[in-house]
Amino acid sequence: MGIVLLMDIATWNVNSVRARLPRLLPWLEQRRPDVVCLQETKCLDEVFPREPIEDLGYHIECFGQKTYNGVAILSKSTPEDVIRGLPGEGEDADKRVIGAIVDGVMILNLYVVNGKEVGSDKYAYKLEWMDRVAELVASNYPMDEKVVVTGDFNVTFDDRDIAEPDLWRNKILCSEAERAAMAKIMEPGLSDAFRVHCEEEGQFTWWDFRTRGFQRGNRGLRIDHFLMSPPAIEACTQVMIDREARDGEKPSDHAPVIATLS
DNA sequence: ATGGTGGGTTCCCCA
């Protein structure tokens with residue numbers, strides 16, 4: 001008799017955890033995910049809004065900075081073996097990585113560098129940063145364990161992940177080098193869990209505020225992902241994009257994505 | 001259309 005696992009793991013780029021509290025708190029109450037990986041929390045750990053989230057029964061592990069970036073893991077069970085940042089980083093490095101083991105599942109939560117524009121300095125930084133993530137995954141995450149690498153990857157896999165693929169051809173979030181960097185992260189044995197369950201095009205997780213892409217006919221991209229090891233893929237029964245959370249008053253520009261392991 | 005909107009901070013940056 002093994003342990004019965006029934007676990008909803010969510011990922012959500014909230015674009016400021018403090019600004020998003022009026023959406024995050026009711027969403028936690030409604031969806032009650034067991035684990036929530038947040039990105040772009042945009043605050044120092046000492047001002048992370050712990051109380052209202054703890055009141056809903058969540059442990060909080062956060063790794064933030066002022067203004068930019070910031071990640072957190074909320075979990076109903078106590079997280080173990082928490083890691084913050086990439087190996088060898090200095091104190092001033094971007095806060096983009098937090099990991100933990102929750103109920104035996106090895107979770108790695110990433111806010112991947114955006115990269116601004118193909119060929120820019122930030123683009124080079126993105127590729128180099130993703131290379132370091134690949135190193136971490138290859139050396140510290142055994143593929144015979146349940147491994148879930150999730151977050152905002154700022155990379156699409158193929159044309160199905162892009163509302164207007166010809167407009168985005170070889171642009172940021174869609175270039176071959178970014179996709180190769182994704183493939184390198186996944187090389188030890190991770191798969192795109194969403195595509196195990198859904199082959200359809202037009203399934204997006206991010207819509208640009210500036211072009212009003214959500215309101216103007218679902219003009220989005222799929223850039224928030226669940227990469228899973230074979231035992232996690234085996235346990236994963238569905239991956240759903242919660243479009244409702246992208247609608248309404250003061251949403252983030254990203255929808256949450258929820259994976260169920262059973 | 002090299003913008004647009006939104007969040008955080010500072011008189012602009014990042015997405």
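Chain letters run A, B, ... following the sequence lines, proteins first and then strands; every chain starts at 1.
Applying side-chain hydrogen bond (donor to acceptor under 3.5 Å, both in side chains) to A:Gln39 and the options A:Thr11, A:Asp152, A:Asn13 leaves one that passes, A:Thr11.
If you check every strand for non-hydrogen atoms under 4.0 Å, A:Thr67 touches sugar and phosphate atoms only. Across all strands, A:Tyr111 comes closer than 4.0 Å only to sugar-phosphate atoms, never to a base (heavy-atom distances). Within the 4.0 angstrom heavy-atom criterion, only backbone atoms of the sugar-phosphate kind lie near A:Lys66; the bases stay farther away.
When rounded to the nearest whole Å, the span between OH of A:Tyr125 and P of B:dC14 equals 12 Å. A:Phe209 places its CZ atom 7 Å from the C1' atom of B:dT5, with the value rounded to the nearest Å. Look at CG on A:Asp253: it is 14 Å from C1' on B:dG8, rounded to the nearest Å. Between the OH atom of A:Tyr68 and the P atom of B:dC12 there is a distance of 13 Å, given to the nearest Å. Between the NZ atom of A:Lys126 and the C1' atom of B:dA15 there is a distance of 11 Å, rounded to whole Å. Whole-Å rounding puts the A:Leu24 CG to B:dG7 P distance at 14 Å. Between the CD atom of A:Gln65 and the C1' atom of B:dG8 there is a distance of 12 Å, rounded to whole Å. Whole-Å rounding puts the A:Lys42 NZ to B:dA15 P distance at 9 Å.
An OP1 or OP2 oxygen of B:dG6 is reached within less than 4.0 angstrom by no side-chain nitrogen or oxygen of A:Arg20. Using a 4.0 Å cut-off, some side-chain N or O of A:Lys122 falls inside it from OP1 or OP2 of B:dC14. Close to B:dG7, at under 4.0 Å from its OP1 or OP2, lies a side-chain N or O of A:Lys250.
Defined by atom type and a distance below 3.5 Å, a donor-acceptor pair is present between the side-chain atoms of A:Arg179 and A:Thr156. Counted by atom type alone, A:Asp103 and A:Ser77 present one or more donor-acceptor pairs between their side chains at under 3.5 Å.
With DNA chain B read from its 5' end, the first of the two nearest nucleotides for A:Pro251 and A:Asn154 is the one closest to A:Pro251. Of the two residues contacting DNA chain B, namely A:Glu117 and A:Val17, the nearest-nucleotide position lying further toward the 5' end is that of A:Glu117.
Spacing of C1' atoms, B:dT9 relative to B:dA15, comes out at 15 Å, to the nearest Å. A distance of about 15 Å separates the C1' atoms of B:dG4 and B:dC14, rounded to the whole Å. Nucleotides B:dG3 and B:dC13, compared at atom P, are 14 Å apart to the nearest Å.
Between A:Val35 and A:Ile73, some side-chain heavy-atom pair lies under the 4.5 Å cut-off.
In the set B:dG8, B:dG6, B:dA15, the nucleotide with an atom closest to the side chain of A:Ala19 is B:dG8. Closest to the side chain of A:Arg18, out of B:dA15, B:dT9, B:dT5, is B:dT9.
For A:Lys42 and A:Tyr68, the positive end is not near the middle of the six-membered ring at less than 6.0 Å and at most 45° from its axis.
Classified by interplanar angle (parallel below 30°, tilted 30° to 60°, perpendicular above 60°), the ring pair A:Trp207/A:Phe214 is perpendicular.
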